[in-house]
Every structure is written in structure tokens, then in C-alpha cells.
Amino acid sequence: MKLNLMYSFLNTDLQLIEKELEQAIQSDKQLLQEASLHLLQAGGKRIRPIFVLLAAKFGDYNVNKIKHVAVALELIHMASLVHDDVIDDAELRRGKPTIKAKWDNKIAMYTGDYIFARAIELMTKIEHPDAHRILSNTLVELTKGEIEQIKDKFDFDQDLRTYLRRIKRKTAILIAASCQLGSIASGASKEVSHSLYLFGYYVGMSFQITDDILDFTATEEQLGKPAGSDLLQGNITLPVLYAMKDTNFKDKVLNVNENTHRDELQELIQYIKQSESIDRSIALSDHYLNKAFKELEKLPNNVAKRTLNNIAKFIGKRKY
Amino acid sequence: MVLVEDVQIHISNLKEKIQEKIQHNYLFHHIPYPIIDEDKILILHSLLEPLSLTKEKKEQYILSTMLAQIALDTHEEVHSHNDMDEKQFKAQQLTVLAGDFFSGLYFQLLANAEDIPMIRTLAHSIKEINEYKITLYQNGISKMDDLLDCIRNIESSLIQGVSDYVDEAIWSDLSGNILLLKRLVNERELFIQKKPSLLVDNIKKLIELDKSYKEEIINIFDEYIAKLWKMIHSVLAGIPHTNFLKERLASFVNELPFSTNLYAEEG
């Protein structure tokens, strides 16, 4: 089943979110308007709004209230992508020129800050102090995760714990917060909100591990970038950590640095693909996914629960 | 009676608290420590001090506004292109993230204080400031007064937001004028030292240049500085307990060659 068919019952609400997103970034400054729209039209899976809406189904679902959370979270995600493209010096995103490539870093920084502020401003329509506490903590942790990623680059001494903490901060907590905030804004019980938070967290961990596996196993066409890009950039991901148990591999990978050419990595990528490190990484991803399913079991039965279950399965099986 | 020394100590304490908040054990090994603008702390203190808010609330407003300001100032340090060596590029990456981190901190501070209206106020100001920054960066302004308004808003929208929120309209204009004055004094100096200045680039575009444009630009700066100085002093004269602020203002303009005239006009 295709991902978008799983939540087709949300289509009307997702269309509303799309309109609200467009409205949220309206500016009478032409360039800002153009840059923000450029980003919006590049699309995306809108996975965070989907999690917000589904989680809200466990409370008193009112799309006119929930939409503020859904839009704010997607805007935060968009703003962080604009800044990430400056950090990564990225020319393309989803096949389109990035804001920093089409204009420059300064315009990207101003646009990102503008969208980010707009997101927070929108979020204040939710008068629930916990929601702001959760979101602000998430944002601080998210940035700490990104700083750690830079700190840990080419650090081959890092262990599994460091990797897991990094992907928690980098990916899992924003998905977890999407689920938790959706349920809080709809007035769901604390127990339900907590289970949804944990569900989002486990799914997020599994999602990022799968992403890190696919960086080695998927094709350049599927990834939109050459395989092994993470390693080339110095990001030590789970398959590399597992593969380093082999001292032969470890000796070779220790030579990878900022000046390593893509071609020199081919042997290492082949080794990772053929070694058991991929299977071990899949096993850890599945472990998190199973924990996510267990959290779901605690929730009342409804269409949102079934959909979250299907989305989690999809994330576990995705090939790119 | 409020002693200048007491205000000075209070400002230093607030600065220390900001430093504690932005503390990070990795960032500042690679990027410069942010400049914490004590004049902005002083303006916030001066506008909030007479109000019947709790001490904690006043402190929250000052700290959160300054964190938002530091976030904006940090992002201002990001270069327009990435043509740089590895070390500089790493610093550039961390500068982007540091700004995001400081921005998260203002939100976190107010969220923990459960002050949703102030979160809204600061977020709205940040949004506006970035709109003005883009306009300035594009050299897209056609009148001198609009250009100065743009600078005024970039410098003071956060503090103006706070003063509007606490219903201190007098401080809204006053803070805008003080911070514009300070910026003009700094930009005048940059221009004399032949350093790059977005404001001067915009001014050059606005006036018809001839061989004596250097003198003309200095004249423009001096004319506006004198005008602002007069306006600020007439307003400050009606606000008690602002001696320290007046002293600080005097220090901005003391180095200017025409500063004696400013004091003379003031009488």
C-alpha cells in the first residue's frame, strides 16, 4: 500500500494544512515571499502534520485548532531545512535548487529565521503551557543534536550510545513531539499523550536507522545523491559502527577524512553492503519498530491507531 | 534615589545570567563568543524598572529578549557564500547552529515561565526584523527616511515589541531612536575606516554621487545624529532615573568631532 493511501481519510484536512502553510508564509516583501513559496512548492511528505492529525484523533479532534500545531511543526521542519542547506552547502533539495543556491546564504538565513519565527507565533494560538514547554525543549535538543553531529564528524572512536543519542536528537524527538503535541492540543489524556510520544520516538529512531542503512544499500537514483555520502561527509552511522568490529575494515576506515575522494570509498561501501552490519542495523531498526507497535497496543482502537500502525510498518519496510 | 553604580551592577548581573544561559562546552572553541549588547540590556532595564511587574518577570523579559537578539546577531555573522577554508567552513556551520540554539533558548525560557503572550510578542518582532533585513540586504529602499526606519526597526523591533506589550509607548519611539543613533555612530566610523557597510551602500544608491561624496555621506550621518540626539534628550528629560542611560548616550557621541555642538544646543 502506498503511504498516501494509508491516510486518505485525512485528505481534506491535509489540503487545509497546505493552504494554511501557504498563508502562514505570506509576506509583502517580494523576495521573502518568493523564497518561502519556492520551499513550500518543493513539497515533502508532510509527515509531521500527518502525525499531528493522527495523534489528535485520540482526543477531541478539531482541525481548526489542531491545524496551528500541524502548520507550526511543518514550518519548523522547513526552516531547519533552509538552514541545513547552508550548513551542508547543498545546491539541490528534492531536485530543486536550494534557497542558498538560488539566492545566497544570507537570504537563506533570513528566510529560515522568518519561517521559524512565524512557526512559533502560530504555535502561540495553542494556549496550553505544556505544548510550548515540549516544543521549545525539542527545538533546543534538536539543535544540540546537530551541533553534536558536527562535533562527532570523522570521530571513529564514538560508540553506539553516542550514535543513538545523536539520532534521537536529530530525528526522533521531532516526530515524537509531533505525536505528543497533536494529542495535547486535542485534550487527550496524559497516558495517551505519553504513549504517542514514545510511539513517535521509536518510529523516529527506526526511521533514521533505516535512512542510514539506505545510504549504503539504495541506488544513487533512489537516494538523489551517491551512496555512502554520509561516510564521505564524516557522519559515522550505525552500519559503519557495526562494520568496525572487523579490525581489517576499521584500519581502512580510519583513513577516511575530509580529503578522501568518493572513489576511494567504494571498497568500504562494498564491504559494508556484504557484511552482517546491514542485517544487524536492520535488526536494531526492527527492535525500535516493535517497541513502537507495543506502545500502540496501549491506545484505544480507532482508525488513527490502525493508520499509525500501517505507517510504522511502511517506515520499517521502505526501500528508499 | 537610584544610584548609577547600582544600575551598573544590575546590568552586569543580567549579563552574567545571559552568559550562563548560552554556555556551551563545544561551540565557543570554534566560533567567537557573542557580543552581549549592554546598551540594549540598559534600555530594557530602564523601561521595565518603574513597572509593577515582579522582579522575576522583569528579568525573564530582559533575558529572553536578549537571547532572541543574540540569536539574530549570531546569524548576521553567516557569510553570504561558502568560499572558505575547512576551519572557516566549520565555524560557518556552527554559527548557523549557534543562532538556532540561542533562538531555542529564548523560547524555552518563556515556555518554562508559561508566558505565551511574550513568546508571541518576540516571535512577531523576529519575523518583522527578518523582513527588514532582507529589504536592506537587497538595497531595495528608495527614500532616506525609509532607509533609516528600516535600520531603526532592525535594531529595535524586539525592544519596541516589549515596550508595546507592557504599554510603555514612550519607550517604543525612544528605544528606536537611541538604537538608531548608536547604529549611525558605528556605521559612520565604519565608513571613515573604509570598512564594508550595508547602510552606506544603501545611502550611496539614494544620493547622486559626485567627487565629494565622502563629505556628503559624513554630513548625512552628522545631520541625523544631531537630530536624533535632540529628540532623545528632550524625551529623556521627562523620565526620572535615567542618568545612567544619559551617560551611556553621551559616550556614543563623545568621540564625534561635532559633539561639543550637540551639548551646546542642548543648553
Side-chain angles (χ1 to χ4, degrees), chain A residues 27-32 35 79-80 82-89 100 103-151 153 258-259, chain B residues 24-27 29-30 68 71-72 74-82 84 86 89-90 92-138 140:
Chain A
S27 166
D28 50 10
K29 310 287 178 227
Q30 202 192 334
L31 193 147
L32 196 49
S80 71
V82 181
H83 286 177
D84 282 353
D85 289 336
V86 176
I87 293 168
D88 299 336
D89 201 16
K100 77 121 225 153
W103 289 278
D104 65 19
N105 284 348
K106 285 271 184 196
I107 297 293
M109 293 313 298
Y110 297 147
T111 307
D113 281 347
Y114 169 82
I115 297 175
F116 183 74
R118 188 70 189 102
I120 307 292
E121 194 185 18
L122 258 180
M123 189 66 194
T124 59
K125 293 191 176 175
I126 302 294
E127 296 278 346
H128 201 307
D130 279 348
H132 297 278
R133 216 172 278 128
I134 290 162
L135 183 58
S136 63
N137 288 341
T138 303
L139 295 179
V140 170
E141 288 300 306
L142 200 86
T143 320
K144 282 183 181 170
E146 289 215 58
I147 294 170
E148 266 171 33
Q149 179 158 313
I150 290 180
K151 181 175 161 237
K153 272 191 179 184
E258 288 89 346
N259 303 317
Chain B
H24 193 285
N25 55 16
Y26 176 72
L27 274 179
H29 292 298
H30 300 275
L72 287 165
T74 301
H75 278 170
E76 206 49 44
E77 298 303 313
V78 172
H79 298 280
S80 57
H81 294 284
N82 290 334
M84 46 186 73
E86 239 163 65
F89 183 58
K90 187 174 182 175
Q92 168 103 319
Q93 293 176 311
L94 289 170
T95 305
V96 175
L97 292 171
D100 290 345
F101 175 56
F102 304 146
S103 175
L105 291 179
Y106 97 78
F107 182 25
Q108 192 179 47
L109 191 152
L110 291 172
N112 286 336
E114 302 191 359
D115 198 333
I116 298 171
M118 185 51 92
I119 295 174
R120 186 181 305 126
T121 299
L122 293 187
H124 182 78
S125 296
I126 295 170
K127 192 187 76 179
E128 278 188 350
I129 288 171
N130 283 290
E131 289 186 305
Y132 285 115
K133 281 187 172 181
I134 283 197
T135 306
L136 183 71
Y137 187 64
Q138 280 186 292

| said: On a heavy-atom basis, which atom in B/K133 and which in B/L72 lie closest, and how many Å separate them? | reply: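 Minimum heavy-atom separation between B/K133 and B/L72: NZ-O, 3.7 Å.
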
Side chain, backbone, both or neither: which part of [X] has a heavy atom under 4.5 Å from chain A?
X      : answer
B/L27  : side chain
B/Y106 : side chain
B/S80  : both
B/F101 : both

| message | Using a 4.5 angstrom heavy-atom cutoff, name the option from A/I147, A/L32, A/L139 with the most pairs to chain B. | response | A/I147

| chain B contacts, top residue of A/M123, A/K125, A/K29 (heavy-atom pairs, under 4.5 Å) |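 Of the candidates given, the most pairs with chain B belong to A/K29.
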
Relative to chain A, which of [options] shows the most heavy atom pairs under 4.5 Å?
options                : answer
B/L105, B/D100, B/I126 : B/D100
B/N112, B/T135, B/V96  : B/V96
B/L94, B/L97, B/T121   : B/L97
B/H24, B/E76, B/H79    : B/E76

| Between A/E148 and A/K151, is there a salt bridge with N-O shorter than 4.0 Å? | no

| task | Could you tell me whether A/K153 and A/E258 have a side-chain N and a carboxylate O separated by less than 4.0 Å? | result | no

| From CA spacing to verdict: side chain to side chain contact (heavy atoms under 4.5 Å, CB included), A/R133, B/E114 | CA-CA 8 Å; A/R133 216 172 278 128; B/E114 302 191 359; 2.4 Å; yes

| Considering only heavy atoms, which portion of A/E141 lies under 4.5 Å from any heavy atom of chain B: side chain, backbone, both, or neither? |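 Contact with chain B is absent: no heavy atom of A/E141 under 4.5 Å.
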
| task | Examine whether an atom of A/D28 lies under 4.5 Å from a heavy atom of chain B, and if so say whether it belongs to the side chain, the backbone or both; otherwise answer neither. | result | both

| said: Using a 3.5 Å distance criterion without hydrogens, assess whether the side chain of A/K100 forms a donor-acceptor pair with backbone atoms of A/V82. | reply: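 No, the answer is negative, given that no donor and acceptor are paired below the 3.5 Å cut-off.
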
| said: Between A/H132 and A/I126 (side chain of the first, backbone of the second, donor and acceptor by atom type, cut-off under 3.5 Å), is there such a pair? | reply: yes

| field | Flag for B/E131-A/S27: side-chain donor and acceptor within less than 3.5 Å | value |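 Yes - a donor-acceptor pair under 3.5 Å links their side chains.
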
| Given the rule in the side chain to side chain contact (heavy atoms under 4.5 Å, CB included) test, do A/D89 and B/F89 qualify, once you have shown the distances and angles that lead to the verdict? | CA-CA 9 Å; A/D89 201 16; B/F89 183 58; 3.9 Å; yes

